[in-house]
Amino acid sequence: EPEVTQTPSHQVTQMGQEVILRCVPISNHLYFYWYRQILGQKVEFLVSFYNNEISEKSEIFDDQFSVERPDGSNFTLKIRSTKLEDSAMYFCASSEGNLSNQPQHFGDGTRLSIL
Amino acid sequence: GENVEQHPSTLSVQEGDSAVIKCTYSDSASNYFPWYKQELGKRPQLIIDIRSNVGEKKDQRIAVTLNKTAKHFSLHITETQPEDSAVYFCAARNNAGNMLTFGGGTRLMVKP
């Protein structure tokens, strides 16, 4: 069964540094998402992406965040200047479409630790 | 925006017993409700979902019920097994957007 893959599995970064988290969505999927989960808290939506542009974003997704689909397979989340509170598990997800019979499938996540 | 509350936060049952996890949502426009199972260190995996045009859906030992009037939905696991032990998340989504709003999760422990 095809899966969403994410790299790296764990990223340790100094505060103030830029970090790029990478995702390869399922190949025939058209919608891509990033979520995050701070330890012990809810999974929170960050952004959705379709047709090479952001289709929806949450309040968390401020100017420090950006997403990109640099080629036909990768989908990246960049945090420009990391803060301690950015430490979390970041999940990428993808779906065939945005209809209710086209569910979102998640990757294994990247654990981001900001020192 | 949407707010999803999930109860209980932890649930311990004996193997073979049933487990019920409940969620409430606030946005009456929500029309899609998936449930995800997350084992330790692994990805959230979709186990069942329900759309607002049905009241109940069943898949082997797992069932989900939806009460649109009361704005709550529940996950029912029958004949629980130790491998059902995990964190379960409910979520809600409406037609206006793509984002899933998650509940806080329930840690289910099935004791052999």
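Just so it is clear, the model here is predicted, and its values are computed rather than measured. To find a chain, count down the sequence lines: A is the first, B the second, and so on, and within it residues start at 1.
- A continuous path of Ile, Leu, Val, Met, Phe, Trp and Tyr side chains, each step under 4.5 Å between heavy atoms, connects Val13(B) with Ile62(B), placing both in one hydrophobic cluster.
- Here the side chains of Tyr35(A) and Phe102(B) are in contact, with some heavy-atom distance below 4.5 Å.
- The choice from Val87(B), Asn98(B), Leu46(B) that makes the most heavy-atom pairs within less than 4.5 Å of chain A is Asn98(B).
- Side-chain contact check for Phe106(A) versus Lys42(B): every heavy-atom pair is 4.5 Å or farther apart.
- For Leu40(B), the CG atom counts as loosely surrounded, since its 6.0 Å shell holds 12 or fewer non-hydrogen atoms of other residues, nucleotides or ligands.
- Counting heavy atoms from C-beta on, the side chains of Gln6(B) and Lys42(A) never come closer than 4.5 Å.
- No more than 12 heavy atoms of other residues, nucleotides or ligands lie within 6.0 Å of NZ in Lys78(A), so this atom counts as exposed by the packing criterion.
- Using a 4.5 Å cut-off between heavy atoms, Val4(B) touches chain A through its backbone atoms (N, CA, C, O) alone.
- In Asn53(B), the CG atom is crowded: over 12 heavy atoms of neighbouring residues, nucleotides or ligands sit closer than 6.0 Å.
- The nearest pair of heavy atoms linking Pro44(B) to Gly107(A) is CD-O, 4.1 Å.
- Smallest separation of non-hydrogen atoms from Val4(A) and Arg43(B): O-NH1, 3.3 Å.
- Heavy atoms from other residues, nucleotides or ligands lying under 6.0 Å from CD of Gln64(A) number more than 12.
- With a 4.5 Å cut-off on non-hydrogen atoms, Pro34(B) does not touch chain A at all.
- Shown here is Lys57(B), whose NZ atom has more than 12 heavy atoms of other residues, nucleotides or ligands within 6.0 Å.
- When the shell of 6.0 Å around CG of Leu39(A) is examined, it contains 12 or fewer heavy atoms from other residues, nucleotides or ligands.
- The shortest side-chain heavy-atom distance between Gln37(A) and Gln38(B) falls under the 4.5 Å cut-off.
- Between Phe45(A) and Arg93(B) there is no side-chain heavy-atom pair separated by less than 4.5 Å.
- Residues Ile38(A) and Met99(B) are members of separate hydrophobic clusters, defined by side-chain heavy-atom contacts under 4.5 angstrom among Ile, Leu, Val, Met, Phe, Trp and Tyr.
- Looking at Phe33(B), neither its backbone nor its side chain comes within 4.5 Å of chain A, counting heavy atoms on both sides.
- Looking at Glu44(A), there are no atoms closer than 4.5 Å to chain B (heavy atoms on both sides), in backbone or side chain.
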